[in-house]
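For reference, the structure discussed in these notes is given below.
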Amino acid sequence: MLKTVSTISGLVSPTFSGNVTLSNGNLIIGTSGKGIDFSATAGTGTSELLDDYEEGTWTPVLTFATPGDLAVTYNANQQTGTYTIIGDRIVIAFAVGTSSFTYTTASGNLQLTGLPYTAKLVSGIQNIGSTVFGGITKVGYTQVVPRVNSNTSLIDFIASGSGVVQSNVASADVPTTSSVVLRGTLVYQL
């Protein structure tokens, strides 16, 4: 039930006491930084405003920190990425599969570039996800996870295993002429 309608400088500000249903159309927030305010609920957070939602795609590019002469051919439909932003968090998914992956001068850490947004600068935060992988031959390591560091817009990969220190996946761990498969998800702060 509509309780009051106030008009200030041509703007209408209705107040409702109950649920509001839109039978047709969208609720449009017309001002940046505004959204759904949850401050009526008890909480100790620094913000209770849901002010962003977005869905989209991105194109992951498999490379090394120093690409050199790296040549990559992707399998059909295996160079894809999606993302969803909810508030200040982005959830990304990626699928990369190569039919050819060759180099002689490439070096450094294995990377996926092309992320749609840069991770927020937060001291000490490493945004870690999950992945399935193939074509990585890091001896003694059984797990590989994707990571987005603070203030970056690329993914690198960290390997770990029982009795070994975690280590970046580097060019020496991805043999030339191998086929590389990386599929994963990751969440990071914007």
Side-chain angles (χ1 to χ4, degrees), residues 50 52-190:
L50 178 58
D52 199 2
Y53 182 87
E54 178 182 331
E55 295 178 359
T57 61
W58 61 286
T59 303
V61 176
L62 190 59
T63 189
F64 289 109
T66 303
D69 63 350
L70 176 64
V72 179
T73 303
Y74 297 94
N75 293 324
N77 300 316
Q78 290 192 22
Q79 187 186 12
T80 61
T82 61
Y83 71 90
T84 302
I85 296 173
I86 303 171
D88 71 346
R89 299 289 191 258
I90 182 169
V91 180
I92 61 162
F94 57 88
V96 173
T98 70
S99 58
S100 174
F101 187 84
T102 60
Y103 65 92
T104 56
T105 62
S107 63
N109 296 337
L110 182 66
Q111 299 176 339
L112 279 180
T113 62
L115 285 175
Y117 293 96
T118 299
K120 182 176 182 176
L121 177 58
V122 181
S123 180
I125 296 295
Q126 292 185 18
N127 303 285
I128 305 293
S130 61
T131 191
V132 295
F133 66 94
I136 296 172
T137 58
K138 194 164 183 70
V139 176
Y141 292 81
T142 55
Q143 298 175 338
V144 172
V145 296
R147 172 181 69 179
V148 175
N149 282 316
S150 287
N151 205 33
T152 65
S153 58
L154 59 85
I155 298 172
D156 64 1
F157 294 89
I158 303 299
S160 62
S162 179
V164 293
V165 177
Q166 88 174 20
S167 175
N168 287 26
V169 175
S171 59
D173 308 314
V174 188
T176 188
T177 71
S178 71
S179 140
V180 177
V181 175
L182 294 163
R183 292 183 179 85
T185 59
L186 190 137
V187 177
Y188 63 93
Q189 189 174 3
L190 299 172

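Computation of the quantities below employed the complete heavy-atom set of this structure, encompassing side-chain atoms and omitting hydrogens, waters and symmetry-equivalent molecules. On a predicted model such as this, the values are computed, not experimentally measured, just so you know.
Scanning all heavy atoms of the two residues, the minimum distance from V169 to A159 falls at CG2-CB, 4.0 Å. The minimum heavy-atom distance between S171 and A106, with the atom names listed, is OG-O, 3.8 Å. Contact record, A95 with P60: O-CG, 4.5 Å, taken as the closest heavy-atom pair. Smallest separation of non-hydrogen atoms from V187 and N127: O-CB, 3.6 Å. Among all heavy-atom pairs drawn from S153 and T118, the shortest one is CB-OG1, 3.6 Å.
With rounding to the nearest 0.5 Å, the separation of OG1 in T82 from CH2 in W58 is 9.0 Å. Between the CD1 atom in I158 and the OG1 atom in T131 there is a gap of 12.5 Å [rounded to 0.5 Å]. Summarising the geometry, atom CZ belonging to F94 is positioned 7.5 Å from atom OG1 belonging to T185; distances are rounded to the nearest 0.5 Å. To the nearest 0.5 Å, atoms CG (N151) and NZ (K120) are separated by 11.5 Å. Rounding to the nearest 0.5 angstrom, the gap separating the CD atom in Q111 from the CZ atom in F157 is 9.5 Å.
Using a 4.5 Å heavy-atom cutoff, the side chains of I86 and V91 are not in contact. In this structure, the side chains of L115 and I90 stay at 4.5 Å or more apart for every pair of heavy atoms. Residues I125 and Q189 fail the side-chain proximity criterion, which asks for heavy atoms closer than 4.5 Å. When side chains are defined from C-beta on, I92 counts as touching I155, because their heavy atoms get closer than 4.5 Å. Contact annotation: the side chain of P175 approaches that of T137 to within less than 4.5 Å [non-hydrogen atoms, C-beta and beyond].
Every residue two or more places apart in sequence or in another chain that forms a side chain to side chain contact (heavy atoms under 4.5 Å, CB included) with T152 is listed here: V148, N149. Every residue was checked against the side chain to side chain donor-acceptor pair (under 3.5 Å) condition with D52, not counting sequence neighbours, and none meets it.
Between the side chain of Y141 and the backbone N or O of V165 there is at least one donor-acceptor pair closer than 3.5 Å. Although no hydrogens or angles enter the test, the distance criterion places a donor-acceptor pair under 3.5 Å between the side chain of T98 and the main chain of V180. Side chain of T176 to main chain of Y103: a donor-acceptor pair is present (N/O by atom type, distance under 3.5 Å, no hydrogens or angles).
Judged as a salt bridge (Lys or Arg N to Asp or Glu O under 4.0 Å), the pairs with a partner in residues 133-159 (not counting sequence neighbours) are, in order, K138-D173, R147-D156. Among pairs with a residue in residues 107-138, those fulfilling ring-ring contact (aromatic ring centres under 6.0 Å, His included) read Y83-Y117, at least two apart in sequence or across chains. Note on residues 162-190: no pairs pass ring-ring contact (aromatic ring centres under 6.0 Å, His included), not counting sequence neighbours.
Side-chain atoms of S160 and Q143 include a donor-acceptor pair closer than 3.5 Å.
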For residues 64-76, dump all side-chain donor-acceptor pairs below 3.5 Å to protein atoms at least two apart in sequence or in another chain.
residue: D69; atom: OD1; partner: T104; partner atom: N; Å: 2.8
residue: D69; atom: OD1; partner: T105; partner atom: N; Å: 2.9
residue: D69; atom: OD1; partner: T105; partner atom: OG1; Å: 3.1
residue: D69; atom: OD2; partner: T104; partner atom: N; Å: 3.2
residue: D69; atom: OD2; partner: T104; partner atom: OG1; Å: 2.4
residue: Y74; atom: OH; partner: L62; partner atom: N; Å: 2.8
residue: N75; atom: OD1; partner: S99; partner atom: N; Å: 3.4
residue: N75; atom: ND2; partner: Q78; partner atom: OE1; Å: 3.4

